[in-house]
Chemist: 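Below you'll find the structure I mean.
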Amino acid sequence: MSQIDASKHNSDQLYKIRHSAEHILTQAMQRVYGKDKFYMAMGPATDDGYYFDFEPLNGFKISEEDFLKIEAEMAKIIKEKQPIIRSEITIDQAKELFKDNPYKLDWLNSIEDRNEIISIYKTGEEFTDLCAGPHVENTSEIKAFKLLSIAGAYWHGDEKNKMLTRIYGTAFETQPDLEKYLFMIEEAKKRDHRKLGPQLGIFFIDETAPGMPYWLPKGTVIINELLNFWRVEHQKRGYLETITPQLNKKELYETSGHWDHYREHMFICNMGENEIYCLKPMNCPNAMTIFKQGIHSYRDLPLRLSDCDALHRHEKSGELNGLLRVQKFAQDDAHIFVTEEQIGEEYKRILEIANLFYSIFGIKFKIRLGTRPDDFMGDIATWDKAEKELEQILIDNKFDYFVGEGEGAFYGPKLDILMDDCLGRQWQTGTIQLDFQLPRKFDLKYTDSDGSEKTPVVIHRVIYGSLERFMGILIEQFAGAFPTWLSPVQAKIIPITDSQHEYANKILTKLREEGIRVELDDRSEKMQAKIRDAQMEKIPYMLIIGGREVDSNSVSVRQRDGQDLGAIPFDEFLAKVKEQINTKSLNLIK
RNA sequence: GCCCGGAUAGCUCAGUUGGUAGAGCAUCCCCUUGGUAAGGGGAAGGUCAUGAAUUCGAAUUUCAUUCCGGGCUCCA
């Protein structure tokens, strides 16, 4: 998913350095282990480094402990100042040169098919690789490099092919650049939601329920705030919320097609023959079932049915990832039944909602227009028309988008909202999908203005995507320091001595009556210790109460960013915080 | 599912060539009542992920399982 197309960097010095570092890595491995220990498959530069894929031979096995040895050899090659020289050869010469390497031959065949020029790069006298380049001119130009990790990867990214061994590494123009990069990775890891979430009491995942998060009280507050906001904004826009069955007989999924195409992802309860139930993996079939109730007029459309129930999808082991990939989740889902003429207008309305939501969180997103995949359903003309229409809407509304060829769903084109996690990996959150198929499968009908029966089109759409994934992204976005309206605890009252407890309790009650989520720290600890603990919890406001505040009916406000706002009259603080919460401000008072 | 790693107290981590476990923080108790990021003392807390194997003896070696991490594939 995070594989990066580095071709755009072909001319960059950094790209050359990285690609050459990858050649040096391969050369070093040949020296250390011998050429007969692996087939070189391929190795490109990427946006943040490079990788090298190979097939181990003769029981050869490598682990990260071997990196030191390899890196030492790489350093040697660099020190030897070996020239890297390009030359072009014919297909026959190339096939002879790489006759012992099935991967290179495979590669050569596709180059031959495309009728491209064949170039090789030679490092000194000992190493040659089939490569489009470009490279640095001399190994000594590699000033800073490091091997990072070992992974497995399928040849050509295809599950059916053999799994190769991949070594990831990176290289930079200077040593400080490399160190800066490694430092940034370490810093990013500190905001990892898998670490921060449990630390801040937001969620945890127990091994008895893999991929199914427990939302702790603080996490539940946030989820509910997200949903409240969502409900208010959608109610305003004519959405109607529903609640539908968690378990459905398999017959429902036979109708929808999921029993045939999606069964491996469904949790199935076998209660005996003719009584096989499935935990719902998505809401669509239930939405179709609702639409089937009663008779619909064109006047009823668009009909916007939303549903935020829990969904369960069984994922293969190894595919789970914190909150970003789970087995139990809830989508902020809605199915909108429209006529074909209404598609454009409805998409516009949905994109407006997306804009509103993401701006509230201060999150930038990209849109991917997924076009017709190979295994599509329906007719090409309808697809083309829909794709064009979607693209026009993106252009008209000046969205940052790109086209993902063949990335549409099999039932229709889609717009995906994409965001990055703290490690730069890209995740899909929202998605707006057009569906011509499901309404047909369920034989949905409405009566048009001329009295004829027609099948509606369905738009599947989520804005947050899944609340779980969105929460994961949010935790990382804010590094756990949520804007006040989302903060599980918005203020902590910190009395300096026990003699302020009466006043502290009074403002505790008052703030709670006003709907502020506030806690009182009445432990017999030093004020400094209480402040430290509140800081660690990332609570936006600490209200310090000493004798002076009691006498003046005020609170001394310390913000979590370290700012000391001094004594503020209690009513003034209350008004300011309420204002901030109501406007869902991303900032603190000052 | 696949490739490579990992799992020691609630948390963060020590644990030398195999001889049945340690620290800091958190918890509980006592003392301490203080102006913007940790006051002091004491107690309690672990079948070293689980199950086998090797051994006189396993946290430590081997195998399997579960879960976790980095990737691949797949996906919201």
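Numbers restart at 1 for each chain; the letters A, B, ... are given by sequence-line order, proteins then strands. Hydrogens, waters and symmetry mates are skipped; everything else that's a heavy atom, side chains included, is used.
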Chemist: If pairing requires Watson-Crick or G-U wobble contacts with both distances under 3.5 Å, which nucleotide is the partner of B:G19?
Modeler: B:C56

Chemist: Side chain of A:R558 only, heavy atoms from C-beta on: which candidate in B:G34, B:C72, B:U36 is closest?
Modeler: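 Looking only at heavy atoms from C-beta outward on A:R558, the closest nucleotide is B:U36.
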
Chemist: To the nearest Å, give me how far apart CG (A:L324) and C1' (B:G71) are.
Modeler: 15 Å

Chemist: What does A:S524 touch in the nucleic acid at a heavy-atom separation under 4.0 angstrom: a base, only the sugar-phosphate, or nothing?
Modeler: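 It contacts base atoms.
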
Chemist: When all nucleic acid strands are considered with a 4.0 Å heavy-atom cut-off, which category describes A:E549: base, sugar-phosphate, or nothing?
Modeler: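 Base, at least one base atom sits under 4.0 Å.
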
Chemist: Ignoring hydrogens and angles, state whether a donor on the side chain of A:Y214 or A:D206 is under 3.5 Å from an acceptor on the partner side chain.
Modeler: no

Chemist: In whole angstrom, give me the gap between the C1' atoms of B:C72 and B:A9.
Modeler: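 After rounding to an integer number of Å, I get 37 Å for this pair.
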
Chemist: Below the 4.0 Å mark, does B:G34 have OP1 or OP2 next to a side-chain nitrogen or oxygen of A:K530?
Modeler: no

Chemist: Which part of the nucleic acid, if any, lies within contact of A:R194, taking any heavy atom under 4.0 Å across all strands shown: a base, the sugar-phosphate backbone alone, or nothing?
Modeler: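 Here A:R194 touches the backbone only, sparing every base.
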
Chemist: Looking at every strand, decide which applies to A:G322 at a 4.0 Å heavy-atom threshold: base, sugar-phosphate, or nothing.
Modeler: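 Since only primed, P, OP1 and OP2 atoms lie under 4.0 Å of A:G322, the category is sugar-phosphate.
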
Chemist: Could you check whether A:H314 and A:H265, counting side-chain N and O atoms only, form a donor-acceptor pair closer than 3.5 Å?
Modeler: no

Chemist: Can A:D307 and A:N286 be counted as having a side-chain donor-acceptor contact under 3.5 angstrom?
Modeler: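 Side chains of A:D307 and A:N286: no pair found under 3.5 Å.
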
Chemist: Across all strands shown, which nucleotide pairs with B:C63 by Watson-Crick or G-U wobble geometry, both distances under 3.5 Å?
Modeler: B:G51

Chemist: Any side-chain donor-acceptor pair under 3.5 Å between A:H460 and A:D435?
Modeler: yes

Chemist: At under 4.0 Å between heavy atoms, what does A:G157 touch on the DNA or RNA strands: base, sugar-phosphate, or nothing?
Modeler: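 Sugar-phosphate only.
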
